[in-house]
Every structure is written in structure tokens, then in C-alpha cells.
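Here the structure comes first, spelled out in C-alpha cells, and everything after it is commentary.
Position 1 is the first residue of the sequence, and the numbers go up from there.
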Amino acid sequence: MGELEKMLLEGAKIEFLSEIVGRTIFMFLLILAILRLSGRRGVRQLTLFEVAIIISLGSAAGDPMFQEDIPILYSVIVFICVMGVYKLITWFTARFSFVANALEGKVMTVVKDGMFDIKHENDHDFSKMEFFAEFRNQSVEHLGQVKEGILEVDGTMSILFYPEEDIQFGLPLFPSTYVEINVDLHAGPFACMYCGNIVHSFQNESKRCSRCERATWTKAIKTKRH
Ligand SMILES: [Zn+2]
């Protein structure tokens with residue numbers, strides 16, 4: 001047996017080859033499912049597909065490098081299967097939108113008309129602090145500047161700004177101004193620190209937000225964009 005042949009085939013069991021095909025397809029789908037359930041925020045920029053491929057092929061590519069008893073033939077079969085499943089799924093996602101939604105998720109409205117869209121409150125994807133950072137990265141000083149903010153499936157934020165003359169009072173997003181205040185000691189308008197709701201004065205004693213029922217307020221600001 002030549003050196004090359006040994007490297008490629010030694011120890012390979014022909015009857016095991018079809019099992020590798022089955023195992024690879026199963027594991028690849030399992031990895032995709034787990035990544036999908038773990039939420040898209042953790043895999044910014046990379047699509048779930050890319051991560052699944054990296055994980056699947058990483059081990060298939062790496063293990064034969066230093067494990068003598070794994071014939072490279074096995075890895076080659078894994079590679080072919082992963083790419084085959086990948087091609088098949090992309091074919092389906094291109095044709096059926098429900099497949100795309102199931103795998104990649106849908107775009108999500110985060111801010112609407114200058115306020116956080118709180119219907120996602122219990123969604124584990126909806127982590128407000130990350131959104132604060134995302135908006136600050138795009139130089140948004142307060143939510144009153146934002147007509148609509150959309151979280152794309154790749155984890156990036158798309159922002160539609162109000163024209164300058166339509167900027168409203170909004171929830172400040174930078175730490176120097178995002179500070180809780182006592183509403184009895186300050187003049188309004190106030191911004192709900194949780195959902196961004198703006199209140200000019202309180203009608204009742206409870207001082208709770210009419211949108212989200214919380215009672216932490218900061219001073220709303222209305223600065224223009226620079
Ligand atoms: Zn609120």
C-alpha cells in the first residue's frame with residue numbers, strides 16, 4: 001500500500017461509508033436546529049448556515065489531521081454530504097418563504113414611532129441593552145429621532161430616521177442622559193426608561209407608564225441629529 005493510499009484509505013470500512021452519509025446529514029440538521037433555537041443574536045454577521053457549516057466541517061477537517069485511524073475518505077464523504085444538504089436547503093429557502101423564516105427568522109420591529117415595540121417583551125431575542133448599543137453605534141441620541149428600527153436576520157439594525165422637523169421628544173440612549181429622575185422634582189416631558197413612552201404630565205397619582213406599567217422615568221430630550 002502506497003503512503004498516499006494508506007493516508008486516504010487505511011482502516012476504511014466500506015460498509016461504514018453509507019452510515020457516514022446518514023450521520024452527517026443528521027448531525028448537520030441537528031447543529032442547525034440548535035443554532036436556530038439559541039437565537040440569532042449570538043451569531044451576528046454570520047448566518048446560521050455558515051456557523052453550522054463551520055462546526056460540521058471543522059471537526060471533519062481537523063480530526064483526520066492528527067488521528068491516524070480516521071481515513072481521509074471519511075472526511076471527504078462528510079464534506080460532500082454537508083455541501084449537498086446545504087445546496088438542497090438553499091434551494092428550498094429560495095423557493096419557499098416559510099422555510100426561510102423557519103431557518104433564519106424574520107425581521108423584527110424594535111422601534112416604532114419613537115418607542116420600543118414592546119410586544120416582543122417576552123421574546124428571548126429581545127434584549128434591550130443590546131439595542132441601546134446598536135442605536136448608539138449609529139449615533140442615535142434618543143428614540144424621538146427614530147421613525148422605525150428593524151432588526152435584520154443577520155443581527156444588524158436598520159434605522160429609518162424622522163426628518164429633522166418631525167423629531168419628537170424621546171428616550172435618551174446615552175448613559176449621561178439615561179438617568180432615572182424623581183418626576184415630582186422635575187418638569188416634563190418624561191420618557192419611560194423601559195419602553196420609551198413619552199409623558200408630558202401625570203394625570204393620576206400612580207406615576208406608572210400607560211404602555212408598560214413600569215414607573216422609572218428619565219428626562220426626555222429632543223435634540224436634532226448632527
Ligand atoms: Zn413604558
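A 4.5 Å side-chain heavy-atom check between Ile25 and Leu29 finds at least one atom pair inside the cut-off. Residues Pro189 and His200 form a side-chain contact, since some pair of their non-hydrogen atoms from C-beta on lies under 4.5 Å apart. No side-chain heavy atom of Thr177 sits under 4.5 Å from any side-chain heavy atom of Thr218. You'll find the side chain of Asn197 reaches within 4.5 Å of the side chain of Ser210, heavy atoms only. When side chains are defined from C-beta on, Phe161 does not count as touching Ile167, because their heavy atoms never get closer than 4.5 Å. Within the 4.5 Å cutoff, side-chain heavy atoms of Thr90 are placed close to those of Thr93.
Closest non-hydrogen pair, Tyr162 versus Gly114, comes out as OH-N, 4.2 Å. Across Phe116 and Tyr194, no two heavy atoms sit closer than the pair CD1-O, 3.6 Å. For Met83 against Leu57, the heavy-atom pair with the smallest separation is SD-CD1, 4.5 Å. Looking at every heavy atom in both residues, Ser56 comes nearest to Val82 through CB-CG2, 4.0 Å. The nearest pair of heavy atoms linking Pro172 to Tyr178 is O-CD1, 3.2 Å. Shortest non-hydrogen contact noted between Ser158 and Glu152 is OG-OE2, 2.6 Å.
In terms of the ring pair (Phe, Tyr, Trp, His ring centres under 6.0 Å) criterion, Phe26 has no residue partners (sequence neighbours excluded). By the side chain to side chain donor-acceptor pair (under 3.5 Å) test, Glu19 is found to be paired with Arg23, residues two or more places apart in sequence or in another chain being considered. Every residue was checked against the ring pair (Phe, Tyr, Trp, His ring centres under 6.0 Å) condition with Phe169, not counting sequence neighbours, and none meets it. When the side chain to side chain donor-acceptor pair (under 3.5 Å) test is applied to Thr223, the partners found at least two apart in sequence or on another chain are Glu141. Under the side chain to side chain contact (heavy atoms under 4.5 Å, CB included) criterion, Ser206 pairs with Asn204, Arg208, sequence neighbours left out. Considering only residues two or more places apart in sequence or on other chains, Ser59 meets the side chain to side chain contact (heavy atoms under 4.5 Å, CB included) condition with Asp63. With sequence neighbours excluded, the residues forming a side chain to side chain contact (heavy atoms under 4.5 Å, CB included) with Leu4 are Met7, Leu8, listed by chain and number. For Tyr86, the ring pair (Phe, Tyr, Trp, His ring centres under 6.0 Å) criterion is met by Phe49, not counting sequence neighbours. In this structure Tyr74 satisfies the side chain to side chain donor-acceptor pair (under 3.5 Å) test with no other residue, sequence neighbours excluded. The side chain to side chain contact (heavy atoms under 4.5 Å, CB included) test applied to Lys207 returns Val183, Asp184, Phe202, Glu205, not counting sequence neighbours. For Thr216, the side chain to side chain donor-acceptor pair (under 3.5 Å) criterion is met by no residue, not counting sequence neighbours.
Counting only residues at least two apart or in different chains, salt bridge (Lys or Arg N to Asp or Glu O under 4.0 Å) contacts with residues 69-93 are absent.
Checked options Val110, Asp113, Ile159; the residue passing with Val146 is Ile159 (criterion: side-chain contact (heavy atoms from CB on, under 4.5 Å)). Of the options Leu143, Leu171, Asn137, a side-chain contact (heavy atoms from CB on, under 4.5 Å) to Phe132 is made by Leu171 and by none of the others. Partner Met108 forms a side-chain contact (heavy atoms from CB on, under 4.5 Å) with one of Ile150, Leu151, Asp117 and no other, that one being Leu151.
Looking only at distances, a side-chain donor or acceptor of Gln138 sits under 3.5 Å from a matching main-chain atom of Met157.
Residue Phe190 is not grouped with residue Val179 when hydrophobic side chains (ILVMFWY) are merged at heavy-atom distances under 4.5 angstrom, including chains of intermediate members. Linking ILVMFWY side-chain heavy atoms closer than 4.5 Å, directly or via other members, places Val78 and Val85 in a single hydrophobic cluster. Under the 4.5 Å side-chain heavy-atom criterion for grouping Ile, Leu, Val, Met, Phe, Trp and Tyr, Phe174 is not connected to Trp217 through any hydrophobic cluster. Taking hydrophobic clusters as Ile, Leu, Val, Met, Phe, Trp and Tyr residues chained together by side-chain heavy-atom distances below 4.5 Å, Ile20 shares a cluster with Ile53.
Here the OG1-CD1 distance, from Thr24 to Ile80, works out to 10.0 Å after rounding to the nearest 0.5 Å. Separation of atoms SG (Cys192) and CZ (Arg214) is listed at 7.5 Å; rounding is to 0.5 Å. How far CZ of Phe96 is from CH2 of Trp91: 5.5 Å, rounded to the nearest 0.5 Å. Separating the CE atom in Met193 from the NZ atom in Lys219 is a distance of 13.5 Å, to the nearest 0.5 Å. Separation of atoms CG (Leu160) and NZ (Lys147) is listed at 6.5 Å; rounding is to 0.5 Å. Atom-to-atom distance recorded for Ser18:OG and Ile77:CD1 is 9.0 Å, nearest 0.5 angstrom.
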Pair Phe28-Ile55, side-chain contact (heavy atoms from CB on, under 4.5 Å): steps then yes or no: CA-CA 9 Å; Phe28 184 74; Ile55 294 173; over 6 Å; no
Audit row: Ile14, Leu17, side-chain contact (heavy atoms from CB on, under 4.5 Å) steps and yes/no: CA-CA 6 Å; Ile14 299 304; Leu17 300 186; 4.2 Å; yes
